[in-house]
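Worksheet: one structure, shown below.
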Amino acid sequence: MQFTLTHIGSRSNAGDEFNSLIRLYLERTSAFVPCDSASFRSEADFVEWLNRKHGRGPLVPVLLDSRGRQMTSEAFASWIGARRDQGTRHIAFAIGPADGWSDDARGKAQLLLSLGPMTFPHSLARLVLAEQLYRACTILAGHPYHTGH
């Protein structure tokens, strides 16, 4: 299985402190699951990328959306573990445009995920999601990083 952390908006500033932490968590996660990241100028570019990604199996899109499902870290890990056990090869986690996802894009998602009722800047949402991906992998592996607190 592979994870791709994506977002809609301007390319990330290479000097941004958030980006160095995001890279750190993606590197840590790569010990469990290959990870990469991508940014797209528009939702249309992201949807086009989704349509091109077929590989050995379909790419599973997870869109972050304020109307999405909120999960505990354990439930998120369980969801990822279930996809792994079903043979999913690639999951793309996407943070949407500033004005939210279109109904068409939401319809393509296997999961609409919410980080909670607050609104976050893209870079902070990407950092929280990167950490939660790492946490989910450690939960699934029985690693002591996650203590359940």
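The structure places CZ of R126 at 7.5 Å from OG of S39, a figure rounded to the nearest 0.5 Å. Note that CG of L64 and CD1 of I8 are 11.5 Å apart. Values are rounded to the nearest 0.5 Å. Interatomic distance, E48 CD to N51 CG, rounded to the nearest 0.5 Å: 8.0 Å. To the nearest 0.5 Å, atom CE of residue M1 and atom NE2 of residue H90 are 10.5 Å apart. For the atom pair T29 OG1 and R135 CZ, the distance stands at 11.0 Å (nearest 0.5 Å). The CD1 atom of I80 sits 12.0 Å away from the CG atom of D85 when rounded to the nearest 0.5 Å.
Taking F120 as the reference, nothing meets the ring pair (Phe, Tyr, Trp, His ring centres under 6.0 Å) condition, with sequence neighbours excluded. Legend: residues meeting salt bridge (Lys or Arg N to Asp or Glu O under 4.0 Å) with E43, ordered by chain and number and at least two apart, are absent. The salt bridge (Lys or Arg N to Asp or Glu O under 4.0 Å) test applied to D103 returns R106, not counting sequence neighbours. Under the rule for a salt bridge (Lys or Arg N to Asp or Glu O under 4.0 Å), E27 has no partner lying at least two apart in sequence or in another chain. For D104, the side-chain contact (heavy atoms from CB on, under 4.5 Å) criterion is met by S102, K108, not counting sequence neighbours. Qualifying side-chain contact (heavy atoms from CB on, under 4.5 Å) partners for A75, counting only residues two or more places apart in sequence or in other chains: M71, T72.
The side-chain contact (heavy atoms from CB on, under 4.5 Å) with L129 is formed by just one residue from the set F76, Y25, F3; it is F76.
No side-chain heavy atom of F46 sits under 4.5 Å from any side-chain heavy atom of S42. You'll find the side chain of W49 reaches within 4.5 Å of the side chain of L59, heavy atoms only. Counting heavy atoms from C-beta outward, L133 and C35 have side chains that stay 4.5 Å or more apart. Inter-residue side-chain proximity for I22 and S37 is flagged as unmet; no heavy-atom pair is nearer than 4.5 Å. Between W79 and L113 the shortest side-chain heavy-atom distance does not fall below 4.5 Å. At a threshold of 4.5 Å between non-hydrogen side-chain atoms, the residues Q2 and D36 count as touching. Contact annotation: the side chain of P121 never approaches that of F18 to less than 4.5 Å [non-hydrogen atoms, C-beta and beyond]. Side-chain atoms of R84 and L140, non-hydrogen and from C-beta on, do get closer than 4.5 Å to each other.
Between H143 and F32, the ring planes are perpendicular. Angles over 60° get that label, and only those under 30° would be called parallel. Taking the six-membered ring where tryptophan is involved, the planes of Y134 and Y145 are perpendicular, since the angle between them exceeds 60° and thus also 30°.
With hydrogens and angles disregarded, no donor-acceptor distance shorter than 3.5 Å links the side chain of H122 to the backbone of P97.
The hydrophobic clustering, which links ILVMFWY residues whose side-chain heavy atoms are closer than 4.5 Å, places V33 and L111 together.
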